[in-house]
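Given the structure is predicted, the values throughout are model-derived calculations rather than measurements. All chains are named by letter (A, B, ...) in the order of the sequence lines, taking the proteins before the strands, and each is independently numbered beginning at 1.
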Amino acid sequence: MCHPDPCHPEPVEGRHGVPCHPERSDRRERSRRTGSMADVIDDRRPSLPELRHTAAHVLAYAVQDLFPEAKPTIGPAIENGFYYDFDRESPFTPEDLERLERRMAEIVKADYPMTGRVVTRQEAIDAFAGNPYKVELARDIPDAEPITLYTIGEFTDLCRGGHADSTGAIRAFKLMSVAGAYWRGDEHNPMLQRIYGTAWHDRAELDAHLARLEEAQARDHRKLGAELDLFSIEEQAGGGLVFWHPKGAVIRGIIENFIREGLRERGYQPVVTPHVVSERLYEISGHLENFGENMFGPIEVEGQTFRLKPMNCPGHILIYESKLRSYRDLPIRYSEFGTVYRFERSGVLHGLTRVRGFTQDDAHLFCMPEQLQHEFEQTVEEARRLMDAFGFTDMQYVLSRRAEKDRTETDEIAEDAIRKALESNNLPYDVDEGGGAFYGPKLDINVHDAIGRSWQLGTVQVDFVLPARFGLKYRGSDSQDHRPVMIHRALAGSLERFFGILIEHYGGAFPAWLAPIQVVVTAISQDQNAYAREVTARLEGAGFRVTLDESNEKLGYKIRHWKTQKVPYILVTGKQEVVDGTVNVNQRGVDEKRNISVESFVEELRKTIEAKQ
RNA sequence: GCCGACGUAGCUCAACGGUAGAGCAAUCGCUUCGUAAGCGAUAGGUUAUCGGUUCAAAUCCGAUCGUCGGCUCCA
């Protein structure tokens, strides 16, 4: 892939703002005005965004009381909660949060009604004379929009609206954390002190939310990565650089083989390109200009300047243009597990999902425009095969179109191809207007994991720009030169990121076909060790990943140890099993134990693995 | 990069100006055990690094490195 977003997408869940709905706000006001029956029904409990937005006001009220010097700025509802940014010399401490929480509880208990009124721009500016942020906001409100002030108790805020009727509606809330945040998200602006909170209709919802956070924490791939000895990031080596330990590398190998198999079946040709190439290549491709700040710095050797490869496409293009291509050769599909290095600011590095070096399951297709649809269909099909195998059954497609003003004739061709590819496979999709890359439309593939979080994995992008920059061509049936279209595609995205998501999806309990250790064999006492060794040898002979535990521990200890390692099968061999020539199967997630012959077990596990379970 | 919190044994944590300690893991014994922690012993640390304050620093101060939570939500 050639552009930054496909490889490091943010989880779709997370920090998305929830817009306020002015039309649904101020029910009490309307109710008072009209006094009709309908308003009794309308007097339902507030929506979560309304509730949370109100909680943000309550927080600001509490801050005004306890820290009068702090200037409130903005405080919207967000997914799962709300935040409010304040301008204040010193940051809020955890103790401050506790005090604020207590004050907020009083404000909630007092059940202040939320009252709003429309004011003129000048009135608003005067009302917040000491607060340049609010003044700036008041100045920026478009003329067409009403300017409104909302009051609870002794606290009035400039606000568009969209609240609960009164503060008493907030039945369950909690302040979560403090963070620095730039005014309007721009690092050139002053840094504000942000307080994050969460708010819910009742205690049970809040508790459920906190439980979800705990569940997510228990699945955190950074924690599991260490506990299960899958990978590490080494301080001595530098941030954002991943060391795959043997157990992680087993899983990576399985992922790679799976992808490789699909690529081979669909006519991709594997290629391999260098990690360090002349900077000149990235001048031609435009990466230096457009992507330079995400590239590692120049490397000088014998007067020549080299760069670490941030993307694989220029390399694949060089292979394409290494000889004359005929229309009969197209489409040409080059694939590579291409390792790329990108500079990410230290503060944004995160486990396996945001790194500085990673390997993409990358491929570039060179084709004629009329071949686009077919190639898209193939790609989407392959993506489904991949997601399915790795347990992501809930997929979502997003077609990102270029903004209307930038759209060109070729974009229409490409979009049309993407739509037809999806529609002919009966795949529903969302459209993101204006979300396309600057060089063309793209299709993003998202999945939901086991606890409902959404992640963007694959992307397929159409590119008319790079072929032009490199002057790519093929000889058509008319003996004239024509320009091919390129498709960039990565389905898993980056293997590091994919692995991280996979760890969280399975909570580290990988199905047998992926598990680094599929079977542990252990005897009850040392007397049966010889038999356990024999069983181990037979399982290894069958091609399974087996570990023999001959340690001098009680069975309960060994079971506990391997259970915490989330091994799918523990085979216990005691006196009885030696006599019968069987093994006792302790299967992860299955309460009953069974005694079966070694042959039966081999057969069973073989089938399980073949079924990719 | 910026704001904040935090870096003590492999891991989880204690000691919060006065001799660095526990549990787990590891190693070695004893135990030979039937499905999530047997018993004992041993070893393990320039308290992230560098500098400062002090009679004395893991502890206070500063810098550096690293980790973690945030930093496109717009009244």
Can you list the residues that meet the side chain to side chain contact (heavy atoms under 4.5 Å, CB included) rule with A:Arg121, with sequence neighbours excluded?
-> A:Ile125, A:Ile141, A:Asp143, A:Ile147
Are OP1 or OP2 of B:G69 and a side-chain N or O of A:His350 less than 4.0 angstrom apart?
-> yes
P atom, B:U54 versus B:U59: distance in rounded Å?
-> 15 Å
Separation of B:C33 C1' from A:Tyr557 OH (nearest whole Å) | 15 Å
Close N/O contacts between protein and nucleotides 3-10 of chain B (under 3.5 Å):
| from | atom 1 | to | atom 2 | distance (Å) |
| --- | --- | --- | --- | --- |
| B:C3 | O2 | A:Gly180 | N | 3.2 |

Can you list the residues that meet the side chain to side chain contact (heavy atoms under 4.5 Å, CB included) rule with A:Lys593, with sequence neighbours excluded?
-> A:Asn584, A:Asn586
What parts of residues 574-584 of chain A reach RNA chain B, counting only heavy atoms under 4.0 Å away?
-> A:Gly574, A:Lys575, A:Gln576, A:Glu577, A:Asn584
Nearest-Å distance for atom pair CD/P, residues A:Glu553 and B:C39 = 10 Å
Kindly write out the residues that satisfy salt bridge (charged side-chain N to carboxylate O under 4.0 Å, His left out) with A:Arg102, not counting sequence neighbours, or none if the list is empty.
-> none
At under 4.0 Å between heavy atoms, what does A:Gly75 touch on the DNA or RNA strands: base, sugar-phosphate, or nothing?
-> nothing
Specify the separation, in whole Å, of atom CG of A:Asp591 and atom C1' of B:U35.
-> 11 Å
Do the side chain of A:Asn586 and the base of B:U35 come within less than 3.5 angstrom through a donor-acceptor pair of N or O atoms?
-> yes
Would you say the side-chain atoms of A:Asp449 and A:Trp455 include a donor-acceptor pair closer than 3.5 Å?
-> yes
Between atom CD in A:Gln587 and atom P in B:A36, what is the gap in whole Å?
-> 16 Å
Short side-chain N/O contact from A:Tyr196 to OP1 or OP2 of B:C73, under 4.0 Å | no
Polar pair under 3.5 Å, donor/acceptor by atom type, side chain A:Tyr182, base B:G1 = yes
Residues in side chain to side chain contact (heavy atoms under 4.5 Å, CB included) contact with A:Asn131, at least two apart in sequence or another chain | A:Lys71, A:Pro72, A:Phe128, A:Tyr133, A:Lys134
OP1 or OP2 of B:G69 sitting under 4.0 Å from any side-chain N/O of A:Arg222?
-> yes
CD/A:Glu293: more than 12 non-hydrogen atoms of other groups inside 6.0 Å = no
Could you give me the stems involving RNA chain B, meaning stretches of three or more consecutive Watson-Crick or G-U wobble pairs whose two defining distances are both below 3.5 Å?
-> B:1-7 with B:65-71, B:10-13 with B:21-24, B:26-30 with B:38-42, B:48-52 with B:60-64
Apply side chain to side chain contact (heavy atoms under 4.5 Å, CB included) to A:Asp229 and list each qualifying residue two or more places apart in sequence or on a separate chain.
-> A:His245
Who are the side-chain hydrogen bond (donor to acceptor under 3.5 Å, both in side chains) partners of A:Glu101, not counting sequence neighbours?
-> none
Sequence neighbours excluded - ring-ring contact (aromatic ring centres under 6.0 Å, His included) pairs with any residue from residues 71-91 of chain A = A:Tyr83-A:Tyr196, A:Tyr84-A:Phe86, A:Phe86-A:Phe92
With A:Tyr112, which residues qualify under ring pair (Phe, Tyr, Trp, His ring centres under 6.0 Å), at least two apart?
-> A:Tyr61
Any ring-ring contact (aromatic ring centres under 6.0 Å, His included) involving residues 567-589 of chain A? Give me the pairs, sequence neighbours left out, ordered by first then second residue.
-> A:Tyr569-A:Phe601
